Student: 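Supplied in structure tokens, the structure appears directly below.
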Amino acid sequence: MYVVIGAGLAGLSAALTLQNSGAQVTVLESADRAGGRIASDLIDGFILDRGFQLINANYSEIKRWGIASELDFKEAPRSVRVSFGTDYVALGDPRTSPFSIFSSASGSLASKAAFLKYSISKPRQSESLETHLLRCGTADLYQKVLRPFLQGVFLADPSRVSAVVGKEIIATFISGRSGIPAEGVASLPIALAKRIKDLRLNTRVEQIRDGVVSTNDGNFVAKKIILATDLTTAGQLLEADEVTPFLSATTWYHTTSNSPSDQAQLVIDSQNRGPVVNSIVISNLSHKYAPIGQSLISSTTISHASESEVRRHLALMWGVSTSTWRFLAKYEIHSALPLFAPGVERMKSLRVSEDIYHAGDYLTAPSQNGALLAGRLAAQELILDEGL
């Protein structure tokens, strides 16, 4: 028997890869559900994702598992609303919004043309995403649009993000099809978990020694183990130091009977007038996210902020009064995404000892695709070592 510890996206992908090779696999998960950091709650008739997350239906690993067709997928607009002063401008994919590129409010035409140069340029291993974008001449487009947008993507200033990893993620946006499942992002791991033959929930791993996995529900003797937990738990079980820094974020939910927009565009602030990095009327993307007659606004911050500061900034970004908006909930996510800093190289092998492999987005890329990919690669390396 092979054991996968953790039923987040990486663990589910690893288990399914092993399972499809004919191996007997048991997945151990300490929580009462699968999904890890991807979860959705139902509160007062509203669907609240634990952290604002869009799913890219064109992610290679999503397509590999053929899962999008099971999600009742609602595709997001291929444009963002850029707020500045008392006005805003919509900037979108020129294939669907060809005239948006001519607005000088979001950057000069030359800087937008430079972004095309960026798309075919090669990043340097040691440079940051910010340095790479500016080196290509994006100038005011970077300051007004790209920087505030990318802060919401990476949960960090682009000056702290690897140019190599950054370009990979940006490429997925260019070629992608982002959106959400109609009933919450948790639909993704739920659909994958249904394919697992032996998934043990509420099973907390306490120790790994000599191929024996000790849990609160007994011992499991494993031929090999894939450790697909969060990095802190992995470090504790392996008695190793945590080396990859993680970034935090807070998702705020407000409701109103008077929606600030009838669109599902992501709103960013070109002038950085407050703590909010992005906001969206998420119920415009999927009407199931809010009861009839109500709208649900999801907003993200990456620095400490009070609810009053968030509310004030949202009024500026949306250009409406937020005084009557009802504060519904906030989620503080302390390990939301791994930080891939400039110059950091990714591991070439996911094997950490004779019997243990590890998997997680902190080993590949800060995205759902990165988590799924890490799980598959760990399982494939195990399969190759075992000759399955």
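It should be emphasised that the depicted structure is a prediction, and the values quoted were computed from it without experimental measurement.
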Student: A side-chain contact here means heavy atoms from C-beta on lying under 4.5 Å apart; do Pro342 and Ser126 qualify?
Tutor: no
Student: Determine whether Ile383 and Leu12 fall in the same hydrophobic cluster, where Ile, Leu, Val, Met, Phe, Trp and Tyr are linked whenever their side-chain heavy atoms lie under 4.5 Å apart.
Tutor: yes
Student: Could you check whether any side-chain N or O of Ser187 sits under 3.5 Å from a backbone N or O of Gly184, counting only pairs where one atom can act as donor and the other as acceptor?
Tutor: yes
Student: Of all the heavy-atom pairs spanning Pro260 and Val320, show the shortest one and how long it is.
Tutor: CB-CG2, 3.9 Å
Student: Is any side-chain heavy atom of Val4 closer than 4.5 Å to a side-chain heavy atom of Ile196?
Tutor: no
Student: More than 12 non-hydrogen atoms from neighbouring residues, nucleotides or ligands closer than 6.0 Å to CD on Glu75, yes or no?
Tutor: yes
Student: Indicate whether any N or O donor in one side chain lies under 3.5 Å from an N or O acceptor in the other, for Ser214 and Glu206.
Tutor: no
Student: Honestly, is Arg81 close enough over Tyr88, meaning NZ or CZ under 6.0 Å from the six-membered ring centre and within 45° of the axis?
Tutor: yes
Student: Got a second to check how far Thr229's OG1 is from Leu237's CG, nearest 0.5 Å?
Tutor: 6.0 Å
Student: Please check: side-chain N/O of Asp230 versus main-chain N/O of Thr233, any donor-acceptor pairing under 3.5 Å?
Tutor: yes
Student: State, yes or no, whether a side-chain contact exists between His254 and Arg311 at a heavy-atom distance under 4.5 Å.
Tutor: yes
Student: When you compare the side chain of Ile225 with that of Ile5, does any pair of heavy atoms fall below 4.5 Å?
Tutor: yes
Student: Nearest 0.5 Å please: distance from the OG1 atom of Thr256 over to the CD atom of Gln294.
Tutor: 7.0 Å
Student: Distance-only, no hydrogens or angles: does the Ser299 side chain make a donor-acceptor pair with backbone N or O of Ser279 under 3.5 Å?
Tutor: no
Student: Does the pair Arg135 and Glu127 meet the rule for a salt bridge (charged side-chain N to carboxylate O under 4.0 Å, His left out), with working shown?
Tutor: CA-CA 10 Å; Arg135 174 165 63 83; Glu127 71 181 341; 2.6 Å; yes
Student: Salt bridge between Glu61 and Arg64, side-chain N to carboxylate O under 4.0 Å?
Tutor: yes
Student: Apply side-chain contact (heavy atoms from CB on, under 4.5 Å) to residues Leu296 and Leu48 and explain how you reach the verdict.
Tutor: CA-CA 9 Å; Leu296 179 66; Leu48 308 184; 3.8 Å; yes
Student: Which pair of heavy atoms, one from Glu309 and one from Ser306, lies closest together, and at what distance?
Tutor: OE1-N, 2.8 Å
Student: Examine distances only and state if a side-chain atom of Asp44 and a backbone atom of Phe46 form a donor-acceptor pair shorter than 3.5 Å.
Tutor: no
Student: Spell out, as yes or no, whether a donor-acceptor pair under 3.5 Å connects the side chain of Tyr253 to the backbone of Asp49.
Tutor: yes
Student: Near Asp87 CG, under 6.0 Å, is it more than 12 heavy atoms from other residues, nucleotides or ligands?
Tutor: yes
Student: If I take atom CG from residue Leu192 and atom CG from residue Leu199, how far apart are they, to the nearest 0.5 angstrom?
Tutor: 11.5 Å
Student: Would you give me the side-chain donor-acceptor pairs under 3.5 Å for residues 163-170, sequence neighbours excluded?
Tutor:
unit_1: Lys167; atom_1: NZ; unit_2: Ser119; atom_2: O; d: 3.1
unit_1: Lys167; atom_1: NZ; unit_2: Ser121; atom_2: O; d: 3.4
unit_1: Glu168; atom_1: OE1; unit_2: Arg346; atom_2: NH1; d: 3.0
unit_1: Glu168; atom_1: OE1; unit_2: Arg346; atom_2: NH2; d: 3.4
unit_1: Glu168; atom_1: OE2; unit_2: Arg346; atom_2: NH2; d: 2.8

Student: I need the minimum non-hydrogen distance between Arg200 and Thr26, along with the two atoms involved.
Tutor: CG-CG2, 3.8 Å
Student: Can Gln271 and Leu316 be said to form a side-chain contact (heavy atoms from CB on, under 4.5 Å), step by step?
Tutor: CA-CA 10 Å; Gln271 297 176 319; Leu316 295 172; over 6 Å; no
Student: Run Leu71 and Leu188 through side-chain contact (heavy atoms from CB on, under 4.5 Å) and show every step you take.
Tutor: CA-CA 7 Å; Leu71 301 180; Leu188 173 59; 4.3 Å; yes
Student: Do the side chains of Ile174 and Val82 join up, straight or via other hydrophobic residues, at under 4.5 Å, putting them in one cluster?
Tutor: yes
Student: For the atom pair OG (Ser162) and CD (Glu345), what is the distance rounded to the nearest 0.5 Å?
Tutor: 9.5 Å
Student: To check you understand the geometry: which heavy-atom pair defines the closest contact between Leu9 and Leu372, and what is its length?
Tutor: O-CD2, 3.6 Å
Student: Does the side chain of Gln380 reach to within under 4.5 Å of the side chain of Leu377, using non-hydrogen atoms?
Tutor: yes
Student: Could you verify whether a donor N or O on one side chain and an acceptor N or O on the other, from Asp140 and Ser111, lie under 3.5 Å apart?
Tutor: yes
Student: Determine whether a donor-acceptor pair (N or O, by modelled atom type, separation under 3.5 Å) exists between the side chain of Asn278 and the backbone of Val267.
Tutor: no
Student: Taking Gln368 for its side chain and Leu54 for its backbone only, find out whether a donor-acceptor pair lies under 3.5 Å.
Tutor: yes
Student: Quick one: pull up CH2 in Trp65 and CZ in Arg376 and give me the separation to the nearest 0.5 Å.
Tutor: 8.5 Å
Student: Do we see a donor-acceptor contact under 3.5 Å between the side chains of Ser367 and Asn369?
Tutor: no
Student: Please say yes or no: joined through hydrophobic side-chain contacts below 4.5 Å, possibly via intermediate residues, are Ile282 and Leu314 part of one cluster?
Tutor: no
Student: Answer whether the closest heavy-atom distance between the side chains of Leu227 and Val205 falls below 4.5 Å.
Tutor: no
Student: Taking Leu350's backbone N and O only, do any of them form a donor-acceptor pair with Glu381's side chain (distance below 3.5 Å, no angle check)?
Tutor: yes
Student: Please give me the minimum heavy-atom distance between Asp361 and Ala371, naming the atom from each residue.
Tutor: CB-N, 3.8 Å
Student: Under 4.5 Å between side-chain heavy atoms, hopping through other hydrophobics if needed: is there a path connecting Val25 to Met1?
Tutor: no
Student: Shared ILVMFWY cluster between Tyr357 and Leu238, side chains joined below 4.5 angstrom?
Tutor: no
Student: Taking Thr131's backbone N and O only, do any of them form a donor-acceptor pair with Ser128's side chain (distance below 3.5 Å, no angle check)?
Tutor: yes
Student: Are the ring centres of Tyr118 and His132 closer than 6.0 Å?
Tutor: yes
Student: To the nearest 0.5 Å, what is the distance between OG (Ser270) and CG (Leu146)?
Tutor: 12.0 Å
Student: Do the side chains of Ile47 and Leu42 get nearer than 4.5 Å, heavy atoms only?
Tutor: yes
Student: Might you point out which heavy atoms bring Ala222 and Val3 nearest each other, and give the distance in Å?
Tutor: CB-CG2, 3.6 Å
Student: For the side chain of Glu183 and the backbone of Lys288, is there at least one donor-acceptor N/O pair under 3.5 Å apart?
Tutor: no
Student: Quick one: do Phe149 and Leu266 satisfy side-chain contact (heavy atoms from CB on, under 4.5 Å)? Show the steps, please.
Tutor: CA-CA 9 Å; Phe149 174 73; Leu266 191 70; 4.0 Å; yes
Student: Report yes if some heavy atom in the side chain of Lys224 is under 4.5 Å from a heavy atom in the side chain of Glu386; otherwise report no.
Tutor: yes
